[in-house]
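Each remark here refers to the structure printed beneath this line.
Just so we're clear, the structure is a prediction, and the values are computed from it rather than from any experiment. Keep in mind that the numbers below use all heavy atoms, side chains included, and drop hydrogens, waters and symmetry copies. Letters go in sequence order (proteins before strands), and every chain restarts at 1.
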Protein chains: 2
Amino acid sequence: MTKHDNRPLTLRDVSEASGVSEMTVSRVLRNRGDVSDATRARVLEAAKTLGYVPNKIAGALASQRVNLVAVIIPSMSNMVFPEVMTGISQILDETGLQPVVGITGYMPEKEEQVLYEMLSWRPSGVIIAGLEHSDASRAMLRAAGIPVVEIMDVDGTPVDSVVGISHRRAGQQMAQAILKAGYEHIAFLGTKMLLDHRARKRFEGFTETLAKAGVEIEDSDFYSGGSALAKGREMTRDVLNRSPDLDFIYYSNDLIGAGGLLYLIEQGVDIPKEMGLAGFNGVNLLRGLPQELATMDSCRLEIGRRAAEIIIERSGSETPQDPKRIVLEPKITYGDTLRVR
Amino acid sequence: MTKHDNRPLTLRDVSEASGVSEMTVSRVLRNRGDVSDATRARVLEAAKTLGYVPNKIAGALASQRVNLVAVIIPSMSNMVFPEVMTGISQILDETGLQPVVGITGYMPEKEEQVLYEMLSWRPSGVIIAGLEHSDASRAMLRAAGIPVVEIMDVDGTPVDSVVGISHRRAGQQMAQAILKAGYEHIAFLGTKMLLDHRARKRFEGFTETLAKAGVEIEDSDFYSGGSALAKGREMTRDVLNRSPDLDFIYYSNDLIGAGGLLYLIEQGVDIPKEMGLAGFNGVNLLRGLPQELATMDSCRLEIGRRAAEIIIERSGSETPQDPKRIVLEPKITYGDTLRVR
DNA sequence: CTGAAAGCGCTAACAT
DNA sequence: ATGTTAGCGCTTTCAG
């Protein structure tokens, strides 16, 4: 029998071509069990000649093992998640595990859909951004019987393990740093954050700490969509028109912060004397601005790495272990825009 | 019989819980064939109560259908590929198809690995960046018997279909625009492009066209790694130290262009009179710079959309059709940094 | 070291 | 409208 149509090749084709049983071919191709060098060579030869690519679907069904790790994140165009992915890949690359990404667009129903879709491929683990999920999503995660790591944020109740920073505390710390530097008339500019819980928590931590010091936010504004740099510019212009007495602006991300910085420099504002600025994320991309924007590292790479390590550690053992909780400590970079006045 | 361990639920569990045959349960869950409303309701109820998630591995093996499209790209931190992904998702979202991303890091061997890995899941199609692949990769693509779309670039010989722009022509057109505007002392700054074939082709098209007009590139430099903005700044400073007579710099991407722009503005250089600048990609992110950088749209979103459309169109029909070739025409945006002198 | 048999969980194709 | 049967292509398990 030879192969006449264009159905994909099977183990059987390799078996026939090499005169070795399917089982032994399988062993050779997976490097499992003892196979004589002669047999191994014949099989490899045949597989290569035919151009055989194993069918992982069949393999996974038979072995009940899938080397996939589901990674579920809100967005890819964000500059923060690609870096998390890099961290995850760095660690998984050494093992046989492969990340598979799903994007939710910050929408809980979409998250539910994506999660369902990914779980139906029976991955070895799930890494998912945030702690806020629909009840159904949480139920699925629990029922899946695989390691789950929620990442980025630790302010809340995880399903299983969690790796991240406290965004609430990040907001608090930035508020403290700003107060300590002597600024008093403070505004907040950010994204509309109905669904970005981490931005919201930073905002809450920020205002809380100011309030405790008897300082009220004097102005704030929230945008959605468009180029962040341009938005930062516009919002900064507008907020200063409304509230000319401001001496500090805290931005919810570095990109709008950079827009504001560029605008203020053009206006001849003396930074950080007349006006201080800070962003969030520690976006390396932005090094090279006329002045370095104060910011706070969100530990993206490290979060990705640690999450992947947890998945590896657990996908090995059969019995579920105690959930891990890893809280990273972001550091403030003062740059040129947040200095004692 | 009830379920006592934590093995994942199967169709059989739903079947027993609802008192309906596995086959009918399967039909309900897939919305296929006629099922009475009463039965449907009972099945749905049972599935929901149990928290059943279908096993796509088994489904795919049985039906020989996989709703996955492999997308293979060099990088995600690049700002160009996330946008391609967005285009792909926009189109695939309406069908049942799901993109699955693999990253190659611009390394041919890694590409081969990733491709092998993805093909072993028997996806419905492949979208892969570039036209340059190892012989083995090309062989796999051909042998897979599924629609393949190579994207971004059209200068070369595709395996099957192709959607992109001519980077060679993009370089040529920018050269023409620069010459027409009256610039004569031109430098090129870019990334090390041994493996970025598209950047190389732009460079070649650029120098060719200049050469035809009797103009030689007066200086050039290539970087790798680090923050693009900062690199653009440094390289611009250095190239002007070496070649103070320059009146135009063509950057291989918008980000280093932006770095150069910021540097030159600080130096009080009159742009575009004393010095003209242009980048490449049409990165929307950068709107909001003090001056708008001249650039050329690389049609990323459209490329993603068209590629996805081709996959959909073909993954339906059984017989392979003629390869498609879609050449998009990027337009120059002159911005504030490329003007007739 | 190699092979044969029995599924993995689902769906195509055929009954009824 | 619903059920039955026979695999999908591989790996596990058990025999040689």
>> I'd like to check the side chain to side chain donor-acceptor pair (under 3.5 Å) partners of B:Ser15; sequence neighbours left out, ordered by chain and number.
In response: none
>> Suppose we screen for side chain to side chain donor-acceptor pair (under 3.5 Å). Which residues come up paired with B:Ser137, at least two apart in sequence or across chains?
In response: B:Ser134
> Of all residues at least two apart in sequence or in a different chain, which pass the side chain to side chain donor-acceptor pair (under 3.5 Å) check with A:Glu302?
Replying inline: A:Arg306
> Between the two ends of the helix from C:dC1-D:dG16 to C:dT16-D:dA1, what is the bend in degrees, rounded to 10 degrees, where each end axis spans five pairs?
Replying inline: 30°
> So, do B:Leu11 and B:Ser26 sit near enough that their side-chain heavy atoms are less than 4.5 Å apart?
Replying inline: yes
> Among residues 46-55 of chain B, which contact DNA chain D at a heavy-atom distance under 4.0 Å?
Replying inline: none
> Is there a donor-acceptor contact under 3.5 Å linking the side chains of A:Arg314 and A:Gln321?
Replying inline: no
> Can you check whether B:Arg32 has a side-chain N or O nearer than 4.0 Å to OP1 or OP2 of C:dA12?
Replying inline: no
Look for any protein N or O under 3.5 Å of an N or O in nucleotides 14-16 of chain C and output each such pair with its distance, or none.
none

What are the atom names and distances for every N/O pair under 3.5 Å that joins the protein to nucleotides 6-8 of chain C?
from, atom 1, to, atom 2, distance (Å)
C:dC8, O3', A:Gln64, NE2, 3.0
C:dC8, O2, A:Leu61, O, 3.4
C:dC8, O2, A:Ala62, N, 3.2

Would you list the atom pairs, donor with acceptor, under 3.5 Å between side chains in residues 50-62 of chain A and any protein atom, with sequence neighbours excluded?
from, atom 1, to, atom 2, distance (Å)
A:Asn55, OD1, A:Ile57, N, 2.8
A:Asn55, OD1, A:Ala58, N, 3.2
A:Lys56, NZ, B:Glu117, OE2, 2.7

> At under 4.0 Å, does any side-chain N or O of B:Arg30 touch on OP1 or OP2 of C:dA12?
Replying inline: yes
> When you list every nucleotide of DNA chain D with an atom under 4.0 Å from a heavy atom of chain A, which one comes first 5' to 3', and which comes last?
Replying inline: D:dG9 to D:dT12
> If only side-chain N and O atoms of A:Thr24 are considered, is one of them under 4.0 Å from the OP1 or OP2 phosphate oxygen of C:dG3?
Replying inline: yes
> Which whole-number value in Å describes the distance from B:Met23 CE to C:dA13 C1'?
Replying inline: 9 Å
> Can you name the residues that form a side chain to side chain donor-acceptor pair (under 3.5 Å) with A:Ser36, not counting sequence neighbours?
Replying inline: A:Thr39
Could you go through residues 40-47 of chain A and list every donor-acceptor pair under 3.5 Å that involves a side-chain atom there, pairing it with any protein atom two or more places apart or in another chain?
from, atom 1, to, atom 2, distance (Å)
A:Arg42, NE, A:Ser18, O, 3.4
A:Arg42, NH2, A:Ser18, O, 3.1
A:Glu45, OE2, A:Thr49, OG1, 3.4

>> Listing request: all salt bridge (charged side-chain N to carboxylate O under 4.0 Å, His left out) pairs with a residue in residues 73-88 of chain A, at least two apart in sequence or in separate chains.
In response: A:Glu83-A:Arg300
